[in-house]
Amino acid sequence: NKSEKMTERKWVWFKTMKDNFRGVLGQYQYHCQKYGPPDNHPFATRKNPDQGCPLIGKQCPVKADNTPNYNDDYGYPAEPV
């Protein structure tokens, strides 16, 4: 039946997305446990390369999660347009 095939495809897609999310979330949580939470996440510097997160740019999941910064106001209108 055609609807059963579509249901199976949707289930496979959902399961893949869920498994990928769990894997990425596990990596994020491990990284935060090892190097500190987002509000206290020191990065390694040239002066102190052994202290803090050694990942550069968006390789660091904390830095990648902050791009774009959702805390900033980008001018969304408060009243109806």
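We count residues from 1, following the sequence as given.
Residues meeting the side chain to side chain contact (heavy atoms under 4.5 Å, CB included) test with K10, sequence neighbours left out: M6. Every residue meeting the side chain to side chain contact (heavy atoms under 4.5 Å, CB included) condition with K47, not counting sequence neighbours, appears here in chain and number order: T45. Contacts of F21 classified as side chain to side chain contact (heavy atoms under 4.5 Å, CB included), with partners at least two apart in sequence or in another chain: L25. The ring pair (Phe, Tyr, Trp, His ring centres under 6.0 Å) check on W13 picks up nothing, with sequence neighbours excluded.
Pairs engaging residues 19-29 under the salt bridge (charged side-chain N to carboxylate O under 4.0 Å, His left out) rule: K15-D19 [sequence neighbours left out]. Residue pairs meeting the side-chain hydrogen bond (donor to acceptor under 3.5 Å, both in side chains) criterion with at least one member in residues 28-44, sequence neighbours excluded, are H31-H41.
Pairing each heavy atom of P38 with each of V62, the nearest pair is CA-CG1, 3.8 Å. Across every non-hydrogen atom of L55 and P61, the tightest pair is CD1-CD, 4.2 Å.
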